[in-house]
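Taking it in order: structure first as structure tokens, then the write-up.
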Number of protein chains: 2
Amino acid sequence: MTQLDDVHTSSDAPKLGRRRDPAKDQQILDAAVEVLAETGFDGMTIDMVASRAGAGKATVYRRWTSKNELVLDAVACMKKGDLDSLAIPDTGTLRGDLVAMIRPPSIHDAERKLKVMAGLASMLSSAPELADAANEAIVEPRARINRMLLNRAIERGEISSDTDIQLISLISPSMVAYRSLILRKPVDREFLITIIDGIILPAVGLGPTAPAPSAPAE
Amino acid sequence: MTQLDDVHTSSDAPKLGRRRDPAKDQQILDAAVEVLAETGFDGMTIDMVASRAGAGKATVYRRWTSKNELVLDAVACMKKGDLDSLAIPDTGTLRGDLVAMIRPPSIHDAERKLKVMAGLASMLSSAPELADAANEAIVEPRARINRMLLNRAIERGEISSDTDIQLISLISPSMVAYRSLILRKPVDREFLITIIDGIILPAVGLGPTAPAPSAPAE
DNA sequence: GCTATCCGGAACTCTGGAGTTTCGTATATG
DNA sequence: CATATACGAAACTCCAGAGTTCCGGATAGC
């Protein structure tokens, strides 16, 4: 959060005349994320963001001091839109949980986030703040869910407690990012299932040699 | 290859006076790759490339029509520097081969290529030619080696012929790219060994339950 | 040594985007 | 209705980088 009015909260709001519209802030941030995903940081202009948000360039600069601050806020606010964290199913098996996470909204959300990450990629090494914000908003939510599912599998005794959760939880984010960003191939349900059955489950000792407790047939 | 003098090869070389220096071409291309890795496509200026190559900006434009063409050529020429393709060991086991591929020059080369890829990331979606060149020069060489090692393991009967080579060969490139570009953590020998023993070998049925033929202790 | 050619460097134009200012209008408060 | 404020739009300045031009010096062939 780096908006201009962070310090003075609402104490000095005008007692007369028009008030600043808080909803407009979100419209601008959303527009910034859109443009960021489409054109990247360098291709993005303030005019693009403003016009897409139905605002003027001056309005943007009334609320953020610079393009950098706007992008930083826009990325940081992306994680608010995460509804995945709430709806985590418990199917009784690790494979069931992993497969249940494959849903069209989840896939679409991930691809949009990856486009934003691609647009920021060249700046990550020179802007640590931005890199941290991007990591927190784009990478961590997905990895956090995977870690939770793996911990749940350990608790129910399905997999060994020696499992390298940190490593395993990054398999699907890594391979999805690579396929989408670098190979530019679609990330569909079939691909995700292949990762689960061909890589993740074998890595935690639930490979086809030791069949999964429930229904491995899909 | 998109250089100006692609069509007329050497037939109309000047019979009098100074000749164009071919070595300078490579110096400029190398400088372009360096700057690309350090600052990304948008941060890179022709002046940077020229001065680093010990050349003038005019010299660059004498040989390439535009910044885009220069970058395209620079990326395409990266694959020529691949000496890995020659020195592929045969240790007798898949694990031995994979571990033998872990060498400081190989790691350093991979990180440099990934920085270039990061610098190009935002343009890949809008410049298909560039995306193809980047894929051919950065992604494919590494995946090709992995596919070769896996095929060798199949031939010697070490792993099943049903193995999904396409998928398995992308595990380490994906996880290395993710760790380096997005997590910005170092890619060291320990991490690579963890991937081999914790993910790749289990995925091909050579997990700790079926111990590797040679020495799994490392 | 002569000469055609290429070189590095510097000065140049031109374009586009960051950030600022102005202005007429819309609107909530009183 | 009056007023203070925020608004969208447009015009503005400023600057950096793409691409061009010019020039004195270096160099390979004759």
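The basis for the numbers below is simple: all heavy atoms, side chains too, and nothing from hydrogens, waters or symmetry mates. So you know, we letter chains A, B, ... as the sequences are listed, proteins then strands, and number each from 1. Keep in mind it's a predicted model, so treat the numbers as computed, not measured.
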Please identify each residue that fulfils salt bridge (charged side-chain N to carboxylate O under 4.0 Å, His left out) with B/Arg152, with sequence neighbours left out.
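Once residues adjacent in sequence are excluded, the partners of B/Arg152 under the salt bridge (charged side-chain N to carboxylate O under 4.0 Å, His left out) criterion are B/Asp90, B/Asp97.
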
Residues two or more places apart in sequence or in another chain: which of them pass salt bridge (charged side-chain N to carboxylate O under 4.0 Å, His left out) with B/Lys57?
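Listed in chain order: B/Asp47.
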
Do the side chains of B/Glu136 and B/Arg144 get close enough for a salt bridge, i.e. N-O under 4.0 angstrom?
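Yes, charged N to carboxylate O under 4.0 Å.
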
Starting from [atom2] on [N], measure out to [atom1] on [X] and report it in whole angstrom.
| X | N | atom1 | atom2 | answer |
| --- | --- | --- | --- | --- |
| B/Arg52 | C/dG8 | CZ | C1' | 18 Å |
| B/Glu69 | D/dG19 | CD | P | 10 Å |
| A/Gln27 | D/dG8 | CD | C1' | 13 Å |
| A/Asp21 | D/dT5 | CG | P | 18 Å |

Under 3.5 Å, is there a donor-acceptor pair linking the side chains of B/Gln26 and B/Asp30?
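On atom types as modelled, these side chains qualify, holding a pair under 3.5 Å.
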
For the backbone of B/Ile165 and the side chain of B/Ser169, can you confirm whether one donor and one acceptor N or O come within less than 3.5 Å of each other?
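Yes, B/Ser169 side chain to B/Ile165 backbone: donor-acceptor pair under 3.5 Å.
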
Report, as a single string ordered 5' to 3', how protein heavy atoms within less than 4.0 Å touch nucleotides 13-28 of chain C: B base, S sugar-phosphate only, - not at all.
----SSBBB----BBB

Under the side chain to side chain donor-acceptor pair (under 3.5 Å) test, residues paired with A/Thr59 that sit two or more places apart:
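Applying side chain to side chain donor-acceptor pair (under 3.5 Å) to A/Thr59 gives A/Arg62.
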
Residues in side chain to side chain donor-acceptor pair (under 3.5 Å) contact with A/Gln27, at least two apart in sequence or another chain
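Here no residue qualifies.
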
Using heavy atoms and a sub-4.0 Å distance, could you list which residues of residues 115-132 of chain A are near DNA chain D? By number, please.
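Nucleic-acid contacts, sorted: none.
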
Using every non-hydrogen atom in the two residues, find where A/Val75 and A/Ala137 come nearest and quote the distance to one decimal.
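Distance-wise, the nearest heavy atoms are O-CB, 3.2 Å.
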
